[in-house]
*Asks:* 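Let me begin by handing over the structure; questions about it come next.
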Amino acid sequence: MSSKFPLVTLLGPTAVGKTTFAVQLALELDAEIISADSRQVFRGMDIGTGKDISDYKITNHVISSHLIDIAEPGTEYNVFQFQQDFQVARDLIISKGKSPLMCGGTGLYLESVLLGYNLVDVPVNEVLRQQLSELANDELIKRISSYRPLHNTTDILDRERLIRAIEIELYKQQNNHQQLAIDFVHTPVLGIRFDRKTVRERITTRLRQRLNEGMIEEVQHLLDQGISKEQLMFYGLEYKYLTLYLSGEISYNEMFRLLNTAIHQFAKRQMTWFRRMENKGIKIFWLEGEVGPELNHAKALNYLKSFQTFSGK
RNA sequence: GGUGUCGUAGCUCAGUUGGUAGAGCAACGGACUGAAAAUCCGUGUGUCACUGGUUCAAUUCCAGUCGACACCA
């Protein structure tokens, strides 16, 4: 395929084979992959996040990937940073004359790019932080609620985050910044999905494999590195339940059962997010996983071809 | 073979002194622009094992059948 898209996206819930599919597609499109995965950004979190470098090798090529292993485990990463990093990665890929292929399952991150969220780079305001630090939590909550509706309790659980949220909102109000915010609504978006029941089976099978392939040791290693239990728990899923298991709070069987269910529920939430994206006007070309990768690959290429014709490029 | 207990939602079980039934988990739907694999909200999905009987009315009482478990042989 010769002419280039400003962006091609491949999304889907966990355990549908996105990476392998993306790598094959990247080879065809002469593309490099930008990962949109909120957990694969962390170094040392490999098996638990399904990060497998060997996946990027195909025949005798290695497909370049971006936004993987770019943050220290134990630190935080967020949409704003993702959007920034995405821009840099995309510019780099284009400057090499290649195509950017965004691939991942983190709905918020995908949407922030596709809908062009206007996220402003808000500097630290020490004076404000000093003032706010003297207020009671109730006061802080009242302040942030007066600026914007609360999304959920994540907004108000943590004092530090509460103060940061006020800092951001105040800055936006006072500075009237219209950030770059390019949207990619009219670029092709491919999705892979399976029947819900099949996804569950795939998740369970994969979980068994990962447990046998050193996932427990991986989490133990992170704990040994000094990453706090709380932080690991907040990363969720594998990191949460394996931490509970390793600290003796739940048995192996409980861990398996709870984690398995949690991943099933996660896949469902991912699908909910994709439906929301469709409702917001993002057209997703769904490839049914049951059909098999070969046929889906052909379908995907066809769709991209028709997309070009349609948009007159 | 005999005696007893039990059979209610996908699972574990409540319950109805007779007026067609809930809880937890699962499942399903949704919200979510600075932690998003997080966080939060909503929804009961059912031949009350089966067949008869009593009754205005049976998931509930009675009898039988089937199944599970326990004990006795």
Side-chain angles (χ1 to χ4, degrees), chain A residues 11-15 18 35-42 45-51 71 73-86 104-124 144 147-172 177 179 181 183 195-197 199-200 203-204 206-207 210 215 219 228 230-243 254 257-280:
Chain A
L11 55 74
T14 192
K18 287 189 294 294
S35 159
D37 186 307
S38 68
R39 294 297 183 262
Q40 290 198 3
V41 295
F42 297 110
M45 290 168 56
D46 301 336
I47 304 174
T49 63
K51 192 194 298 170
T75 63
E76 286 177 4
Y77 190 79
N78 60 48
V79 216
F80 172 73
Q81 249 170 296
F82 172 77
Q83 210 190 34
Q84 302 274 300
D85 293 340
F86 171 85
T106 301
L108 179 69
Y109 287 11
L110 292 160
E111 194 179 280
S112 78
V113 166
L114 295 173
L115 293 184
Y117 283 6
N118 185 20
L119 301 172
V120 181
D121 192 357
V122 179
V124 170
I144 188 66
Y147 296 141
R148 62 162 168 81
L150 295 178
H151 306 134
N152 52 50
T153 50
T154 323
D155 287 342
I156 53 171
L157 277 177
D158 183 282
R159 212 178 146 74
E160 218 175 296
R161 292 178 50 74
L162 198 45
I163 289 173
R164 176 60 177 161
I166 295 171
E167 189 174 55
I168 289 167
E169 291 308 316
L170 259 184
Y171 184 85
K172 277 197 205 161
H177 261 198
Q179 191 91 338
D183 74 66
D195 175 78
R196 185 76 55 80
K197 197 167 159 253
V199 181
R200 270 187 233 130
I203 287 170
T204 304
R206 190 185 64 176
L207 176 57
R210 288 180 174 181
M215 186 158 66
V219 177
S228 79
E230 291 68 34
Q231 184 58 253
L232 277 178
M233 301 257 289
F234 215 92
Y235 287 139
L237 301 185
E238 282 80 357
Y239 298 95
K240 174 178 173 180
Y241 290 98
L242 283 172
T243 299
E254 276 176 307
R257 192 170 48 80
L258 295 172
L259 173 55
N260 196 226
T261 302
I263 305 172
H264 294 173
Q265 292 169 334
F266 169 55
K268 175 184 178 320
R269 259 178 284 135
Q270 286 180 299
M271 286 308 295
T272 302
W273 195 290
F274 301 144
R275 260 177 255 135
R276 157 206 166 100
M277 285 167 60
E278 292 181 297
N279 290 337
K280 288 195 170 187

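Within every chain, numbering begins at 1; the chains are lettered A, B, ... in the order of the sequence lines, protein sequences first and strands thereafter.
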*Asks:* Can you tell me the base-pairing partner of B:A36? Count Watson-Crick or G-U wobble geometry only, both distances below 3.5 Å, and say none if there is no partner.
*Replies:*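 Its partner: none found.
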
*Asks:* Please name the nucleotide paired to B:A58 by Watson-Crick or G-U wobble geometry with both distances under 3.5 Å, or report none.
*Replies:*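 When the pairing criteria are applied, nothing turns out to pair with B:A58, so the answer is none.
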
*Asks:* Quick check: do A:Leu110 and A:Phe274 have side-chain heavy atoms less than 4.5 Å from each other?
*Replies:*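 Yes. Closest side-chain heavy atoms under 4.5 Å.
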
*Asks:* Scan A:Ser112 against the nucleic acid and name what it touches under 4.0 Å (heavy atoms): base, sugar-phosphate only, or nothing.
*Replies:*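 It contacts nothing in the nucleic acid.
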
*Asks:* Under a 3.5 Å cut-off for both contacts, is B:A14 paired Watson-Crick or G-U wobble with anything, and if yes, with which nucleotide?
*Replies:*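 Its partner: none found.
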
*Asks:* Suppose you measure atom P in B:G67 against the same atom in B:A73; what distance do you get, rounded to whole Å?
*Replies:*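 Approximately 24 Å lies between the P atom of B:G67 and that of B:A73.
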
*Asks:* Testing A:Trp273, A:Tyr117, A:Phe82 for ring pair (Phe, Tyr, Trp, His ring centres under 6.0 Å) with A:Tyr109, which one passes?
*Replies:*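 So, applying the ring pair (Phe, Tyr, Trp, His ring centres under 6.0 Å) to A:Tyr109 and each of A:Trp273, A:Tyr117, A:Phe82, only A:Phe82 qualifies.
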
*Asks:* For B:U20, give its Watson-Crick or G-U wobble partner with both distances under 3.5 Å, or none.
*Replies:*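 Pairing partner: none.
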
*Asks:* How many Å lie between CD on A:Gln83 and C1' on B:A36, as a whole number?
*Replies:*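 It is 15 Å, rounded to the nearest whole Å.
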
*Asks:* Out of B:G29, B:G34, B:U33, which has the shortest distance to the side chain of A:Val120?
*Replies:*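 For the A:Val120 side chain, the nearest candidate turns out to be B:G34.
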
*Asks:* Could you state the atom-to-atom distance from CD of A:Gln265 to P of B:G30 in whole Å?
*Replies:*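 Distance check: A:Gln265 CD to B:G30 P gives 15 Å.
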
*Asks:* What's A:Arg257 touching, base or sugar-phosphate or nothing? Going by heavy atoms closer than 4.0 Å.
*Replies:*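 No contact.
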
*Asks:* Round to the nearest Å and state the distance from A:Leu207 atom CG to B:A37 atom P.
*Replies:*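 These atoms are roughly 18 Å apart.
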
*Asks:* So, OP1 or OP2 of B:A36: does either fall under 4.0 Å of a side-chain N or O from A:Tyr109?
*Replies:*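 Yes, within the criterion.
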
*Asks:* Which nucleotide sits closest to the side chain of A:Asn78: B:A38, B:A31, B:A36?
*Replies:*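 From the listed options, B:A36 comes nearest.
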
*Asks:* Taking a pair as Watson-Crick or G-U wobble with both distances under 3.5 Å, which nucleotide is matched to B:G42?
*Replies:*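 Base-paired to B:C28.
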
*Asks:* What interatomic distance, in whole Å, is found between C1' of B:A14 and the corresponding atom of B:U59?
*Replies:*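 Between the two C1' atoms, the distance is 14 Å.
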
*Asks:* Working to the nearest 0.5 angstrom, can you tell me the gap between A:Arg39 CZ and A:Thr14 OG1?
*Replies:*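 With rounding to 0.5 Å, CZ (A:Arg39) is 12.5 Å from OG1 (A:Thr14).
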
*Asks:* Evaluate the side-chain proximity of A:Val219 to A:Glu238: yes if any heavy-atom separation is below 4.5 Å, no if none is.
*Replies:*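 They are not in side-chain contact.
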
*Asks:* B:G19 and B:G29: how far apart are their P atoms, nearest whole angstrom?
*Replies:*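 These two P atoms come out 36 Å apart once rounded.
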
*Asks:* Among the nucleotides B:G34, B:A36, B:C40, which one has an atom lying closest to any side-chain atom of A:Arg39?
*Replies:*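 So the side chain of A:Arg39 is nearest to B:A36.
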
*Asks:* With ring centroids as reference points, do A:Phe42 and A:Tyr235 lie under 6.0 angstrom apart?
*Replies:*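 That pair passes the under 6.0 Å test.
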
*Asks:* Can you find a pair of side-chain heavy atoms, one from A:Glu169 and one from A:Ile166, that are under 4.5 Å apart?
*Replies:*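 Heavy-atom side-chain distance check fails, nothing below 4.5 Å.
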
*Asks:* When you measure from the side chain of A:Gln83 to the backbone of A:Ser112, do you find a donor-acceptor pair of N or O atoms at a distance under 3.5 Å?
*Replies:*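 Yes, A:Gln83 side chain to A:Ser112 backbone: donor-acceptor pair under 3.5 Å.
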
*Asks:* Which nucleotide sits closest to the side chain of A:Arg164: B:A37, B:G34, B:C28?
*Replies:*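 Looking only at heavy atoms from C-beta outward on A:Arg164, the closest nucleotide is B:G34.
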
*Asks:* Counting heavy atoms from C-beta on, name the nucleotide in B:G29, B:A31, B:U33 closest to the side chain of A:Leu119.
*Replies:*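 That would be B:U33.
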
*Asks:* With both distances kept under 3.5 Å, what pairs with B:U51, Watson-Crick or G-U wobble?
*Replies:*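 Partner of B:U51: B:A63.
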
*Asks:* Pick base, sugar-phosphate or nothing for A:Lys240, based on heavy-atom distances below 4.0 Å to the nucleic acid.
*Replies:*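 Nothing, no nucleic acid heavy atom in range.
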
*Asks:* Quick one: which of B:G30, B:A26, B:G34 gets closest to the side chain of A:Thr261?
*Replies:*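 Comparing B:G30, B:A26, B:G34 against the side chain of A:Thr261, the answer is B:A26.
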
*Asks:* Can we say A:Arg164 and A:Glu167 salt-bridge, meaning some charged N sits less than 4.0 Å from an Asp/Glu carboxylate O?
*Replies:*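 A salt bridge is present here (some side-chain N lies under 4.0 Å from a carboxylate O).
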
*Asks:* Counting heavy atoms from C-beta on, name the nucleotide in B:U33, B:G30, B:G34 closest to the side chain of A:Arg269.
*Replies:*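 The answer is B:G30, which lies nearest to the side chain.
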
*Asks:* On a whole-Å scale, what distance lies between the C1' atoms belonging to B:C72 and B:A26?
*Replies:*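 Taking atom C1' in both B:C72 and B:A26, they lie 40 Å apart.
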
*Asks:* Under the criterion side-chain hydrogen bond (donor to acceptor under 3.5 Å, both in side chains), I'd like the reasoning laid out for A:Asp37 against A:Thr106: C-alpha separation, chi angles, the key distance, then a yes or no.
*Replies:* CA-CA 5 Å; A:Asp37 186 307; A:Thr106 301; 4.6 Å; no

*Asks:* Expressed as a whole number of angstroms, how long is the span from A:Leu242:CG to B:A37:P?
*Replies:*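 Checked: the CG to P distance equals 18 Å.
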
*Asks:* Find which nucleotide of RNA chain B each of A:Arg200 and A:Gly236 is nearest to by heavy atoms, and output the residue with the more 5' nucleotide.
*Replies:*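 Nearer the 5' end of the strand: A:Arg200.
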
*Asks:* Would you measure the distance from the P atom in B:G46 across to the matching atom in B:U39 and give it in whole Å?
*Replies:*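 One P to the other, the span is 32 Å.
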
*Asks:* Under 4.0 Å between any heavy atoms, over every strand shown, what does A:Glu238 touch: base, sugar-phosphate, or nothing? Just pick one.
*Replies:*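 Contact class for A:Glu238: base.
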
*Asks:* Nearest whole angstrom, please: distance from the P of B:G29 to the CE of A:Met271.
*Replies:*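 Between P of B:G29 and CE of A:Met271: 9 Å.
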
*Asks:* Whole angstroms only, please: what is the CE-P distance between A:Met215 and B:A37?
*Replies:*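 One finds 17 Å between P of B:A37 and CE of A:Met215, rounded.
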
*Asks:* Counting side-chain heavy atoms from CB outward, which of B:A36, B:G29, B:A31 is closest to A:Arg196?
*Replies:*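 Of B:A36, B:G29, B:A31, B:G29 is nearest to the side chain of A:Arg196.
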
*Asks:* From the set B:G30, B:G29, B:A37, return the single nucleotide nearest to any side-chain atom of A:Thr272.
*Replies:*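 From the listed options, B:G30 comes nearest.
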
*Asks:* For A:Arg276 and for A:Gly50, find the nucleotide of RNA chain B with the closest heavy atom, then tell me which residue's nucleotide is more 5'.
*Replies:*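 This one resolves to A:Arg276.
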
*Asks:* Please give, in whole Å, the distance from B:A37 P to A:Met45 CE?
*Replies:*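 The distance from CE of A:Met45 to P of B:A37 comes to 11 Å, rounded to the nearest Å.
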
*Asks:* Pick the P atom in B:U20 and in B:U45, then give their distance to the nearest Å.
*Replies:*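 The answer is 16 Å between these two P atoms.
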
*Asks:* Using a heavy-atom cut-off of under 4.0 Å over every strand shown, decide if A:Phe82 touches base, sugar-phosphate, or nothing.
*Replies:*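 No contact at all - A:Phe82 keeps every heavy atom at 4.0 Å or more from the nucleic acid.
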
*Asks:* For B:U3, what is the paired nucleotide under Watson-Crick or G-U wobble rules, both distances under 3.5 Å?
*Replies:*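 Result: B:A70.
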
*Asks:* Nearest whole Å is fine: how far is B:A37 C1' from A:Phe266 CZ?
*Replies:*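 Whole-Å distance recorded here is 4 Å.
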
*Asks:* What distance, rounded to whole Å, do you find between the two C1' atoms, one in B:G64 and one in B:C25?
*Replies:*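 Nearest-Å result for B:G64 against B:C25 at atom C1': 37 Å.
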
*Asks:* Under 4.0 Å: is that the gap between some side-chain N or O of A:Lys268 and OP1 or OP2 of B:G29?
*Replies:*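 So the side-chain polar atoms of A:Lys268 do come within 4.0 Å of the phosphate oxygens OP1 or OP2 of B:G29, strictly under.
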
*Asks:* Which whole number of Å gives the distance between the P atom of B:G22 and that of B:U17?
*Replies:*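 About 14 Å, rounded to a whole number of Å.
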
